[in-house]
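Please read the structure below before turning to the comments.
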Amino acid sequence: MTVLISGASLFLGTILGFLLGMVRSRKNRLVNPLIGFFVDVMRGTPFIVQVFIVFFILPEFGVELEAFTAAVLAMTIMGSAFICEIVTAGILAVPKGQWEASSSSGLNILQQLRLVIMPQAMKTILPPLVGQYVLLIKDSSVVSAIGVVELTRVGWLTVVRIPEGLMVFSLVAALYFAISYPLIRISNSLERKLTVNRVSL
Amino acid sequence: MIRFQNVNKWFGSLHVLNDINLQVSAGEVVVVCGPSGSGKSTLLRCINRLERIQKGKLFVDGMPVHDSTINLTKLRAEIGFVFQQFHLYPHLNVLENVTLAPIHVRGMKKKEAEELAMEKLERVGLADKATAHPEQLSGGQQQRVAIARGLAMSPKILLFDEPTSALDPEMIGEVLSVMVKLAEEGMTMCVVTHEMGFARQVAHRVIFMDEGKIIETGKPDQFFDNPHSDRAALFISKILKH
(Lines give C-alpha, C1' and ligand atoms only; values in the text may rest on other atoms or scores of the structure.)
Protein backbone atom coordinates (compact mmCIF):
# COMPACT_ATOMS: atom_id res chain seq x y z
CA MET A 1 0.00 0.00 0.00
CA THR A 2 2.83 2.38 0.84
CA VAL A 3 4.40 1.64 -2.52
CA LEU A 4 1.09 2.12 -4.28
CA ILE A 5 0.25 5.42 -2.59
CA SER A 6 3.77 6.75 -2.99
CA GLY A 7 4.03 5.56 -6.56
CA ALA A 8 0.73 7.06 -7.65
CA SER A 9 1.25 10.36 -5.91
CA LEU A 10 4.87 10.72 -6.97
CA PHE A 11 3.83 10.12 -10.55
CA LEU A 12 0.97 12.61 -10.47
CA GLY A 13 2.89 15.07 -8.30
CA THR A 14 5.80 15.02 -10.71
CA ILE A 15 3.59 15.81 -13.69
CA LEU A 16 1.76 18.58 -11.85
CA GLY A 17 4.98 19.89 -10.35
CA PHE A 18 6.70 20.10 -13.73
CA LEU A 19 3.72 21.89 -15.24
CA LEU A 20 3.59 24.40 -12.40
CA GLY A 21 7.35 24.81 -12.48
CA MET A 22 7.40 25.52 -16.20
CA VAL A 23 4.57 28.01 -15.92
CA ARG A 24 6.19 29.67 -12.95
CA SER A 25 9.53 30.05 -14.68
CA ARG A 26 7.83 32.19 -17.33
CA LYS A 27 7.23 34.82 -14.66
CA ASN A 28 3.74 35.67 -15.73
CA ARG A 29 2.53 38.58 -13.63
CA LEU A 30 -0.95 37.15 -13.09
CA VAL A 31 -0.31 33.47 -12.60
CA ASN A 32 2.98 33.62 -10.73
CA PRO A 33 1.76 35.10 -7.45
CA LEU A 34 -0.92 32.41 -7.38
CA ILE A 35 1.55 29.57 -7.84
CA GLY A 36 3.94 31.23 -5.42
CA PHE A 37 1.21 31.48 -2.80
CA PHE A 38 0.22 27.86 -3.34
CA VAL A 39 3.80 26.69 -2.93
CA ASP A 40 4.31 28.79 0.20
CA VAL A 41 1.10 27.52 1.81
CA MET A 42 2.04 23.91 1.05
CA ARG A 43 5.54 24.38 2.42
CA GLY A 44 4.36 26.35 5.42
CA THR A 45 1.75 23.94 6.76
CA PRO A 46 2.26 20.47 8.26
CA PHE A 47 1.46 17.63 5.94
CA ILE A 48 -0.77 15.96 8.49
CA VAL A 49 -2.98 19.05 8.58
CA GLN A 50 -3.22 19.01 4.79
CA VAL A 51 -4.25 15.37 4.90
CA PHE A 52 -6.96 16.18 7.43
CA ILE A 53 -8.21 19.04 5.32
CA VAL A 54 -8.54 16.80 2.27
CA PHE A 55 -10.08 13.93 4.19
CA PHE A 56 -12.31 15.62 6.78
CA ILE A 57 -13.07 19.07 5.45
CA LEU A 58 -13.68 18.44 1.75
CA PRO A 59 -16.67 16.18 2.57
CA GLU A 60 -18.26 19.23 4.24
CA PHE A 61 -18.40 20.69 0.74
CA GLY A 62 -19.82 17.53 -0.69
CA VAL A 63 -16.56 16.03 -1.94
CA GLU A 64 -16.58 12.57 -0.41
CA LEU A 65 -13.28 10.75 -0.87
CA GLU A 66 -12.11 7.30 0.07
CA ALA A 67 -9.13 7.27 2.41
CA PHE A 68 -6.85 6.00 -0.35
CA THR A 69 -7.92 8.66 -2.85
CA ALA A 70 -7.66 11.35 -0.22
CA ALA A 71 -4.16 10.18 0.67
CA VAL A 72 -3.01 10.20 -2.94
CA LEU A 73 -4.62 13.58 -3.54
CA ALA A 74 -3.01 15.17 -0.50
CA MET A 75 0.40 13.76 -1.32
CA THR A 76 0.13 14.75 -4.97
CA ILE A 77 -0.69 18.33 -4.08
CA MET A 78 2.07 18.64 -1.51
CA GLY A 79 4.57 16.86 -3.74
CA SER A 80 3.76 19.09 -6.68
CA ALA A 81 4.52 22.19 -4.62
CA PHE A 82 8.00 20.99 -3.70
CA ILE A 83 8.68 19.66 -7.17
CA CYS A 84 7.48 22.95 -8.65
CA GLU A 85 10.18 24.73 -6.65
CA ILE A 86 12.87 22.34 -7.84
CA VAL A 87 11.78 22.58 -11.47
CA THR A 88 11.56 26.37 -11.41
CA ALA A 89 15.06 26.61 -9.97
CA GLY A 90 16.33 24.20 -12.62
CA ILE A 91 14.80 26.17 -15.47
CA LEU A 92 16.05 29.48 -14.14
CA ALA A 93 19.55 28.01 -13.98
CA VAL A 94 19.57 27.63 -17.78
CA PRO A 95 21.25 30.73 -19.23
CA LYS A 96 18.93 33.34 -20.71
CA GLY A 97 20.85 33.12 -23.97
CA GLN A 98 19.43 29.66 -24.57
CA TRP A 99 15.93 31.13 -24.59
CA GLU A 100 17.02 33.93 -26.88
CA ALA A 101 18.86 31.67 -29.29
CA SER A 102 16.02 29.19 -29.54
CA SER A 103 13.31 31.82 -29.92
CA SER A 104 15.43 33.64 -32.50
CA SER A 105 15.43 30.55 -34.67
CA GLY A 106 11.64 30.46 -34.58
CA LEU A 107 10.87 27.75 -32.04
CA ASN A 108 7.66 28.29 -30.10
CA ILE A 109 7.65 28.16 -26.35
CA LEU A 110 6.68 24.49 -26.04
CA GLN A 111 9.40 23.50 -28.49
CA GLN A 112 11.88 25.67 -26.61
CA LEU A 113 11.06 23.92 -23.35
CA ARG A 114 11.04 20.45 -24.82
CA LEU A 115 14.05 20.64 -27.11
CA VAL A 116 16.35 23.19 -25.55
CA ILE A 117 15.54 24.23 -22.00
CA MET A 118 14.35 21.10 -20.18
CA PRO A 119 17.16 18.81 -21.40
CA GLN A 120 19.59 21.28 -19.85
CA ALA A 121 17.49 22.00 -16.77
CA MET A 122 17.23 18.28 -15.94
CA LYS A 123 20.86 18.32 -14.83
CA THR A 124 19.98 20.74 -12.06
CA ILE A 125 16.59 19.18 -11.37
CA LEU A 126 17.35 15.47 -11.08
CA PRO A 127 19.43 15.15 -7.89
CA PRO A 128 17.10 17.21 -5.65
CA LEU A 129 14.07 15.65 -7.35
CA VAL A 130 15.07 12.14 -6.40
CA GLY A 131 15.90 13.40 -2.91
CA GLN A 132 12.43 14.86 -2.72
CA TYR A 133 10.96 11.49 -3.70
CA VAL A 134 12.59 9.97 -0.63
CA LEU A 135 11.06 12.61 1.61
CA LEU A 136 7.64 12.10 0.07
CA ILE A 137 7.78 8.34 0.47
CA LYS A 138 8.55 8.79 4.14
CA ASP A 139 5.77 11.35 4.47
CA SER A 140 3.34 8.74 3.22
CA SER A 141 3.48 7.33 6.76
CA VAL A 142 1.37 10.30 7.82
CA VAL A 143 -1.67 9.09 5.90
CA SER A 144 -2.05 6.24 8.39
CA ALA A 145 -3.76 8.93 10.45
CA ILE A 146 -6.79 8.81 8.19
CA GLY A 147 -6.99 5.05 8.30
CA VAL A 148 -5.17 4.04 5.14
CA VAL A 149 -3.60 0.73 5.94
CA GLU A 150 -0.09 1.46 4.76
CA LEU A 151 3.18 0.36 6.26
CA THR A 152 3.13 2.42 9.44
CA ARG A 153 -0.49 1.55 10.08
CA VAL A 154 0.29 -2.12 9.65
CA GLY A 155 2.94 -1.63 12.32
CA TRP A 156 0.36 -0.13 14.68
CA LEU A 157 -2.17 -2.85 14.05
CA THR A 158 0.42 -5.54 14.65
CA VAL A 159 1.73 -4.00 17.84
CA VAL A 160 -1.74 -4.07 19.30
CA ARG A 161 -1.77 -7.81 18.94
CA ILE A 162 1.75 -8.81 19.81
CA PRO A 163 4.00 -7.28 22.45
CA GLU A 164 7.31 -7.00 20.52
CA GLY A 165 7.02 -3.31 19.66
CA LEU A 166 10.69 -2.80 19.05
CA MET A 167 10.88 -5.64 16.59
CA VAL A 168 7.74 -4.64 14.74
CA PHE A 169 8.78 -1.07 14.22
CA SER A 170 12.34 -2.04 13.40
CA LEU A 171 10.84 -4.10 10.65
CA VAL A 172 8.66 -1.19 9.53
CA ALA A 173 11.71 1.07 9.47
CA ALA A 174 13.68 -1.52 7.53
CA LEU A 175 10.96 -1.71 4.91
CA TYR A 176 10.87 2.07 4.44
CA PHE A 177 14.62 2.01 4.21
CA ALA A 178 14.47 -0.72 1.60
CA ILE A 179 12.30 1.51 -0.57
CA SER A 180 14.25 4.71 0.06
CA TYR A 181 17.81 3.49 0.02
CA PRO A 182 18.05 2.80 -3.73
CA LEU A 183 16.65 6.29 -4.35
CA ILE A 184 19.15 7.86 -1.97
CA ARG A 185 21.95 6.09 -3.79
CA ILE A 186 20.60 7.24 -7.16
CA SER A 187 20.33 10.80 -5.91
CA ASN A 188 23.89 10.77 -4.62
CA SER A 189 25.35 9.28 -7.75
CA LEU A 190 23.42 11.68 -9.98
CA GLU A 191 24.71 14.57 -7.95
CA ARG A 192 28.26 13.33 -8.27
CA LYS A 193 28.00 12.60 -11.97
CA LEU A 194 26.31 15.83 -12.96
CA THR A 195 28.67 17.93 -10.84
CA VAL A 196 31.71 16.30 -12.39
CA ASN A 197 30.23 16.94 -15.80
CA ARG A 198 29.87 20.58 -15.05
CA VAL A 199 33.41 20.97 -13.78
CA SER A 200 34.80 19.38 -16.90
CA LEU A 201 33.00 21.93 -19.03
CA MET B 1 13.89 45.04 -46.25
CA ILE B 2 14.09 46.65 -42.81
CA ARG B 3 12.46 49.99 -42.08
CA PHE B 4 12.47 51.83 -38.76
CA GLN B 5 10.01 54.74 -38.58
CA ASN B 6 10.33 57.00 -35.54
CA VAL B 7 11.08 54.05 -33.31
CA ASN B 8 11.34 54.63 -29.57
CA LYS B 9 12.09 52.37 -26.69
CA TRP B 10 12.70 52.89 -22.99
CA PHE B 11 14.22 50.69 -20.30
CA GLY B 12 12.54 52.24 -17.30
CA SER B 13 13.53 55.88 -17.50
CA LEU B 14 16.43 55.23 -19.87
CA HIS B 15 15.55 56.30 -23.39
CA VAL B 16 17.42 53.54 -25.14
CA LEU B 17 16.14 54.13 -28.67
CA ASN B 18 15.33 57.74 -29.42
CA ASP B 19 13.32 58.36 -32.56
CA ILE B 20 15.21 55.97 -34.83
CA ASN B 21 14.69 56.25 -38.57
CA LEU B 22 16.60 53.77 -40.64
CA GLN B 23 16.19 51.81 -43.81
CA VAL B 24 18.16 48.78 -44.89
CA SER B 25 17.61 47.45 -48.39
CA ALA B 26 17.97 43.89 -49.59
CA GLY B 27 21.56 42.87 -50.09
CA GLU B 28 22.89 45.74 -48.05
CA VAL B 29 25.53 45.32 -45.35
CA VAL B 30 25.19 47.81 -42.52
CA VAL B 31 27.64 48.13 -39.67
CA VAL B 32 26.36 49.68 -36.46
CA CYS B 33 28.89 51.04 -34.01
CA GLY B 34 28.97 53.29 -31.00
CA PRO B 35 30.00 53.35 -27.36
CA SER B 36 28.55 50.76 -25.00
CA GLY B 37 25.08 51.65 -23.83
CA SER B 38 24.38 53.57 -27.01
CA GLY B 39 21.47 51.29 -27.92
CA LYS B 40 23.06 49.51 -30.85
CA SER B 41 22.39 45.98 -29.55
CA THR B 42 18.85 46.94 -28.64
CA LEU B 43 18.35 48.30 -32.15
CA LEU B 44 19.39 44.94 -33.55
CA ARG B 45 17.31 42.94 -31.07
CA CYS B 46 14.19 44.86 -32.00
CA ILE B 47 14.45 43.61 -35.57
CA ASN B 48 13.60 40.02 -34.65
CA ARG B 49 11.60 41.18 -31.64
CA LEU B 50 13.82 39.89 -28.89
CA GLU B 51 12.94 43.38 -27.67
CA ARG B 52 9.62 45.11 -28.25
CA ILE B 53 9.53 48.65 -29.54
CA GLN B 54 7.22 50.97 -27.65
CA LYS B 55 6.56 53.73 -30.13
CA GLY B 56 6.84 54.07 -33.86
CA LYS B 57 6.78 51.53 -36.66
CA LEU B 58 9.15 48.80 -37.71
CA PHE B 59 8.75 46.74 -40.86
CA VAL B 60 10.84 43.70 -41.71
CA ASP B 61 10.33 42.18 -45.14
CA GLY B 62 6.90 43.81 -45.23
CA MET B 63 5.87 42.43 -41.82
CA PRO B 64 4.87 44.99 -39.19
CA VAL B 65 7.05 44.03 -36.23
CA HIS B 66 5.42 46.70 -34.02
CA ASP B 67 2.12 44.87 -34.41
CA SER B 68 1.65 42.38 -31.56
CA THR B 69 -0.47 40.06 -33.68
CA ILE B 70 2.14 39.16 -36.29
CA ASN B 71 3.34 35.60 -36.72
CA LEU B 72 6.60 35.60 -34.75
CA THR B 73 7.69 32.22 -36.04
CA LYS B 74 7.42 33.44 -39.60
CA LEU B 75 9.28 36.65 -38.81
CA ARG B 76 12.09 34.87 -37.00
CA ALA B 77 12.42 32.21 -39.65
CA GLU B 78 13.44 35.01 -42.04
CA ILE B 79 16.09 36.35 -39.71
CA GLY B 80 19.24 34.66 -38.50
CA PHE B 81 20.68 36.03 -35.29
CA VAL B 82 24.28 35.56 -34.18
CA PHE B 83 25.06 36.38 -30.55
CA GLN B 84 28.19 37.68 -28.92
CA GLN B 85 28.26 34.63 -26.65
CA PHE B 86 27.30 32.14 -29.43
CA HIS B 87 24.60 30.45 -27.32
CA LEU B 88 24.99 27.08 -28.97
CA TYR B 89 22.89 24.34 -27.40
CA PRO B 90 25.38 22.54 -25.13
CA HIS B 91 23.38 19.31 -24.91
CA LEU B 92 23.37 18.80 -28.68
CA ASN B 93 26.22 18.14 -31.08
CA VAL B 94 27.15 20.53 -33.87
CA LEU B 95 24.96 18.90 -36.49
CA GLU B 96 21.96 18.77 -34.15
CA ASN B 97 22.47 22.42 -33.27
CA VAL B 98 22.17 23.32 -36.93
CA THR B 99 19.27 20.98 -37.80
CA LEU B 100 17.06 21.76 -34.79
CA ALA B 101 15.19 24.70 -36.27
CA PRO B 102 14.89 23.36 -39.84
CA ILE B 103 13.32 20.16 -38.49
CA HIS B 104 11.01 21.70 -35.90
CA VAL B 105 10.18 25.06 -37.46
CA ARG B 106 10.37 24.32 -41.17
CA GLY B 107 9.13 20.75 -40.74
CA MET B 108 11.98 19.24 -42.74
CA LYS B 109 12.75 15.54 -42.73
CA LYS B 110 15.75 14.70 -40.59
CA LYS B 111 17.83 13.48 -43.52
CA GLU B 112 17.03 16.49 -45.64
CA ALA B 113 17.87 18.81 -42.75
CA GLU B 114 21.15 17.04 -42.18
CA GLU B 115 22.18 17.44 -45.81
CA LEU B 116 21.32 21.11 -45.61
CA ALA B 117 23.22 21.46 -42.33
CA MET B 118 26.31 19.79 -43.77
CA GLU B 119 26.21 22.20 -46.67
CA LYS B 120 26.06 25.15 -44.27
CA LEU B 121 28.82 23.71 -42.09
CA GLU B 122 30.88 23.32 -45.25
CA ARG B 123 30.41 27.01 -45.92
CA VAL B 124 31.80 27.96 -42.53
CA GLY B 125 34.56 25.38 -42.90
CA LEU B 126 33.49 23.05 -40.12
CA ALA B 127 31.97 20.04 -41.87
CA ASP B 128 34.53 17.82 -40.12
CA LYS B 129 33.23 18.89 -36.69
CA ALA B 130 29.63 17.79 -37.25
CA THR B 131 29.64 15.21 -34.45
CA ALA B 132 31.61 17.30 -31.95
CA HIS B 133 29.95 18.93 -28.97
CA PRO B 134 30.10 22.71 -28.59
CA GLU B 135 32.38 22.57 -25.53
CA GLN B 136 35.00 20.73 -27.59
CA LEU B 137 35.28 23.63 -30.02
CA SER B 138 37.24 26.85 -29.78
CA GLY B 139 35.36 30.13 -29.49
CA GLY B 140 35.91 30.92 -33.14
CA GLN B 141 34.64 27.53 -34.21
CA GLN B 142 31.60 27.87 -31.96
CA GLN B 143 30.75 31.20 -33.50
CA ARG B 144 31.07 29.74 -37.00
CA VAL B 145 28.68 26.94 -35.99
CA ALA B 146 26.32 29.62 -34.71
CA ILE B 147 26.49 31.30 -38.11
CA ALA B 148 25.77 27.97 -39.82
CA ARG B 149 22.82 27.52 -37.47
CA GLY B 150 21.51 30.90 -38.54
CA LEU B 151 22.05 30.11 -42.21
CA ALA B 152 20.25 26.77 -41.97
CA MET B 153 16.89 28.55 -41.92
CA SER B 154 17.81 30.18 -45.26
CA PRO B 155 17.08 33.59 -43.80
CA LYS B 156 16.71 36.77 -45.80
CA ILE B 157 18.51 38.77 -43.15
CA LEU B 158 21.40 37.98 -40.83
CA LEU B 159 21.90 39.99 -37.66
CA PHE B 160 25.22 39.92 -35.80
CA ASP B 161 25.47 41.26 -32.27
CA GLU B 162 29.18 41.86 -31.59
CA PRO B 163 30.07 38.49 -33.08
CA THR B 164 33.80 38.77 -32.40
CA SER B 165 33.86 40.59 -29.06
CA ALA B 166 33.99 37.42 -26.97
CA LEU B 167 36.76 35.86 -29.03
CA ASP B 168 40.49 35.64 -28.52
CA PRO B 169 42.26 37.86 -31.06
CA GLU B 170 43.64 34.98 -33.11
CA MET B 171 40.13 33.65 -33.72
CA ILE B 172 38.53 36.86 -34.88
CA GLY B 173 39.88 36.46 -38.40
CA GLU B 174 38.22 33.12 -39.11
CA VAL B 175 34.81 34.45 -38.09
CA LEU B 176 35.20 37.68 -40.00
CA SER B 177 36.25 35.89 -43.17
CA VAL B 178 33.05 33.81 -43.04
CA MET B 179 31.09 37.03 -42.64
CA VAL B 180 32.92 38.70 -45.51
CA LYS B 181 32.07 35.76 -47.73
CA LEU B 182 28.39 36.02 -46.81
CA ALA B 183 28.40 39.74 -47.48
CA GLU B 184 29.96 39.24 -50.87
CA GLU B 185 27.30 36.68 -51.73
CA GLY B 186 24.68 39.38 -51.28
CA MET B 187 23.21 38.54 -47.87
CA THR B 188 21.41 41.37 -46.13
CA MET B 189 23.37 41.92 -42.95
CA CYS B 190 23.25 44.20 -39.93
CA VAL B 191 26.38 43.90 -37.87
CA VAL B 192 27.04 45.51 -34.52
CA THR B 193 30.83 45.54 -34.37
CA HIS B 194 33.91 47.66 -33.85
CA GLU B 195 35.89 45.73 -36.43
CA MET B 196 36.91 48.57 -38.71
CA GLY B 197 38.65 46.30 -41.18
CA PHE B 198 35.47 44.36 -41.74
CA ALA B 199 33.44 47.56 -42.07
CA ARG B 200 35.81 49.04 -44.62
CA GLN B 201 35.98 45.85 -46.62
CA VAL B 202 32.30 44.98 -47.03
CA ALA B 203 29.95 47.46 -45.37
CA HIS B 204 27.87 49.67 -47.60
CA ARG B 205 27.09 51.96 -44.71
CA VAL B 206 28.27 52.62 -41.19
CA ILE B 207 25.83 53.87 -38.61
CA PHE B 208 27.11 55.57 -35.51
CA MET B 209 24.87 55.60 -32.45
CA ASP B 210 25.16 57.36 -29.12
CA GLU B 211 22.66 57.71 -26.28
CA GLY B 212 19.92 55.99 -28.22
CA LYS B 213 20.20 58.19 -31.30
CA ILE B 214 21.66 57.67 -34.72
CA ILE B 215 24.28 60.43 -34.79
CA GLU B 216 25.84 59.78 -38.12
CA THR B 217 25.53 57.63 -41.21
CA GLY B 218 28.11 57.33 -43.91
CA LYS B 219 30.22 55.23 -46.21
CA PRO B 220 32.85 53.32 -44.20
CA ASP B 221 35.92 55.13 -45.54
CA GLN B 222 34.35 58.53 -45.18
CA PHE B 223 33.08 57.71 -41.69
CA PHE B 224 36.33 56.35 -40.30
CA ASP B 225 38.66 58.83 -42.02
CA ASN B 226 36.57 61.91 -41.83
CA PRO B 227 33.64 61.73 -39.42
CA HIS B 228 31.28 64.71 -39.33
CA SER B 229 30.47 64.74 -35.65
CA ASP B 230 32.85 65.26 -32.74
CA ARG B 231 31.37 62.35 -30.87
CA ALA B 232 32.08 59.98 -33.73
CA ALA B 233 35.61 61.36 -34.07
CA LEU B 234 36.23 60.81 -30.37
CA PHE B 235 34.84 57.29 -30.58
CA ILE B 236 36.97 56.39 -33.60
CA SER B 237 40.11 57.72 -31.93
CA LYS B 238 39.36 55.47 -28.97
CA ILE B 239 38.88 52.27 -30.94
CA LEU B 240 42.01 53.07 -32.99
CA LYS B 241 44.12 53.31 -29.84
CA HIS B 242 42.63 50.08 -28.61
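Because the structure is predicted, anything quoted here is derived from the model rather than measured. In what follows, every chain begins at residue 1, and chains take the letters A, B, ... in the order their sequences are listed.
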Problem - Presence of salt bridge, R123(B) and E185(B), under 4.0 angstrom - result: yes
Exercise for the section: Find the one option among P119(A), P95(A), A101(A) whose heavy-atom pairs under 4.5 Å with chain B are most numerous. Expected result: A101(A)
Practice task
To the nearest 0.5 Å, tell me how far E85(A) CD sits from S80(A) OG.
Solution key: 11.0 Å
Practice task
Could you tell me whether the side chain of K129(B) reaches within less than 4.5 Å of the side chain of L137(B), counting heavy atoms only?
Solution key: yes
Exercise for the section: With side chain to side chain donor-acceptor pair (under 3.5 Å) as the test, would you mind laying out the steps for E66(A) and T69(A) before giving the verdict? Expected result: CA-CA 5 Å; E66(A) 275 176 51; T69(A) 322; 4.8 Å; no
Handout entry: Contacts of residues 72-85 of chain B with chain A (heavy atom under 4.5 Å)
Key = T73(B), R76(B), I79(B), F81(B), F83(B)
Practice task
Name the region of Q111(A), side chain, backbone, both or neither, that has any atom closer than 4.5 Å to a heavy atom of chain B.
Solution key: side chain
Exercise for the section: Could you tell me whether R149(B) sits above the aromatic face of Y89(B), with NZ or CZ closer than 6.0 angstrom to the six-membered ring centre and within 45 degrees of the axis? Expected result: yes
Exercise for the section: Kindly assign one of parallel, tilted or perpendicular to the pair H66(B) and F59(B), based on the angle between their ring planes and the thresholds 30° and 60°. Expected result: perpendicular
Practice task
Check step by step if side chain to side chain donor-acceptor pair (under 3.5 Å) holds for T45(A) and Q50(A).
Solution key: CA-CA 7 Å; T45(A) 54; Q50(A) 298 169 14; 2.8 Å; yes
Problem - chain A contacts, top residue of H87(B), Q136(B), H133(B) (heavy-atom pairs, under 4.5 Å) - result: H87(B)
Practice task
Heavy-atom distances under 4.5 Å only: say whether R45(B) touches chain A with side chain, backbone, both or neither.
Solution key: side chain
Problem - Polar contact flag, side-chain donor to acceptor under 3.5 angstrom, Y133(A)-T14(A) - result: yes
Problem - Pick from S105(A), S104(A), S102(A) with the largest number of heavy-atom pairs that fall under 4.5 Å of chain B - result: S104(A)
